[in-house]
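Everything on this sheet refers to the single structure shown next.
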Amino acid sequence: MAKKRIRLIVAYDGTNYHGWQIQNNGITVEAELNRCLSDLLGESIEVIGASRTDSGVHALGNVAVFDTEARMPAEKISYALNQRLPEDIRIQKSEEVAADWHPRYCESRKTYEYRIYRGEFPMPVKRLYSYFTYRPLNVEKMKKAAKHLEGEHDFKSFCQTGAQVESTVRTVYSVDVEEQGADLVIRVCGNGFLYNMVRIIAGTLMEVGQGKRTPESMAEILEAKNRSAAGPTAPPCGLTLVKYEFF
């Protein structure tokens, strides 16, 4: 029987997972998908993920593909798979794509949001999906700083040391800082991101908001091409992959 390639749109709460990619030291989203798909389709399935989100990071629409000989219609797989997956992972859509379609080898645009909850005290229902701070943040300065990151740059200063990448040059289409009541959302859209890049951007922008850095210092951080020049890596709970677009 001929194989077909299926694309999944995957949403998950990353709190209980050691990231997307299979690890020896804990449960991952990829491992759960492989396990449940293999059980559902009666064959050994290994998915290929578009974005290897880190431990504790969430997603509204990560993308994965796999090949199968199963006769089940592509659009029905989402319904059957959701019956088997843990309740913190849900397939939003399943569809057949071209046999050679690969999520990492086509032009794409990713959008991440980093959410900060500002208050005198933490809000328990927000603790898994936002970073809490009681320190005042100057939002206008954060917005000015964010604009320095737009465009094509070498983001080596915003990449965790030790990451294995051929190039640290990336294109960031937009960095927006938006107030939503007590929440502050940093929304970053780009053609690709380095290891911990969005979380380091968020940590650095928060230092600008606290007056520890000037908005103009972002240009100097980029120029330094050194991780120690940027701010801290913000905790993973505030980060969500919200959208993946392919062209």
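The analysis underlying the following values was restricted to heavy atoms, covering all of them including side chains, and did not include hydrogens, waters or symmetry mates.
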[X] and [Y]: side chain donor to acceptor below 3.5 Å:
X: Thr233; Y: Gln160; answer: yes
X: Tyr112; Y: Ser51; answer: yes
X: Asp54; Y: Tyr195; answer: no
X: Tyr105; Y: Asp100; answer: no
X: Asp154; Y: Thr168; answer: yes
X: Gln180; Y: Arg115; answer: yes

| said: If hydrophobic clusters are built from ILVMFWY residues whose side chains come within less than 4.5 Å, do Val175 and Val185 share one? | reply: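 Not linked; separate clusters.
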
Whether [X] side chain and [Y] backbone form a donor-acceptor pair below 3.5 Å:
X: Arg213; Y: Gln210; answer: no
X: His153; Y: Phe155; answer: no
X: Ser157; Y: Lys225; answer: yes
X: Ser167; Y: Val169; answer: yes
X: Ser217; Y: Thr214; answer: yes
X: Arg127; Y: Pro124; answer: yes
X: Asn191; Y: Thr171; answer: yes

| request: Describe, in one word, how the ring planes of Phe246 and Tyr244 are oriented to each other, choosing from parallel (under 30°), tilted (30 to 60°) and perpendicular (over 60°). | output: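 Geometry flag for Tyr244 against Phe246: parallel rings.
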
| message | Over 60° means perpendicular and under 30° means parallel, so tell me whether Tyr114 and Tyr131 are parallel, tilted or perpendicular. | response |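 Tilted: the ring planes of Tyr114 and Tyr131 meet at 30° to 60°.
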
| Do the side chains of Asn16 and Ile27 get nearer than 4.5 Å, heavy atoms only? |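 Contact flag for Ile27/Asn16 side chains = no.
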
| Min side-chain heavy-atom separation Phe193-Val188 under 4.5 Å |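 Yes. Closest side-chain heavy atoms under 4.5 Å.
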
Which pair of heavy atoms, one from [X] and one from [Y], lies closest together, and at what distance?
X: Ser94; Y: Lys76; value: OG-N, 4.3 Å
X: Glu75; Y: Ser78; value: O-OG, 3.3 Å
X: Tyr117; Y: Pro122; value: CE2-C, 4.3 Å
X: Thr111; Y: Leu241; value: O-CD1, 3.6 Å

| field | Cation over ring face, Arg7 and Trp101, 6.0 Å, 45° | value |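 Satisfied, under 6.0 Å and within 45°.
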
| said: If I take atom CZ from residue Phe158 and atom CD1 from residue Ile200, how far apart are they, to the nearest 0.5 angstrom? | reply: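 Atom-to-atom, Phe158:CZ and Ile200:CD1 are 8.0 Å apart.
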
| message | Distance check, rounded to the nearest 0.5 Å: Thr28 atom OG1 versus Gln23 atom CD? | response |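 That separation rounds to 7.0 Å.
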
| task | Establish, yes or no, whether a centroid distance under 6.0 Å links the rings of Tyr12 and His58. | result |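 No, too far apart.
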
| said: Run Arg84 and Asp39 through salt bridge (Lys or Arg N to Asp or Glu O under 4.0 Å) and show every step you take. | reply: CA-CA 9 Å; Arg84 288 168 166 77; Asp39 178 56; 3.1 Å; yes

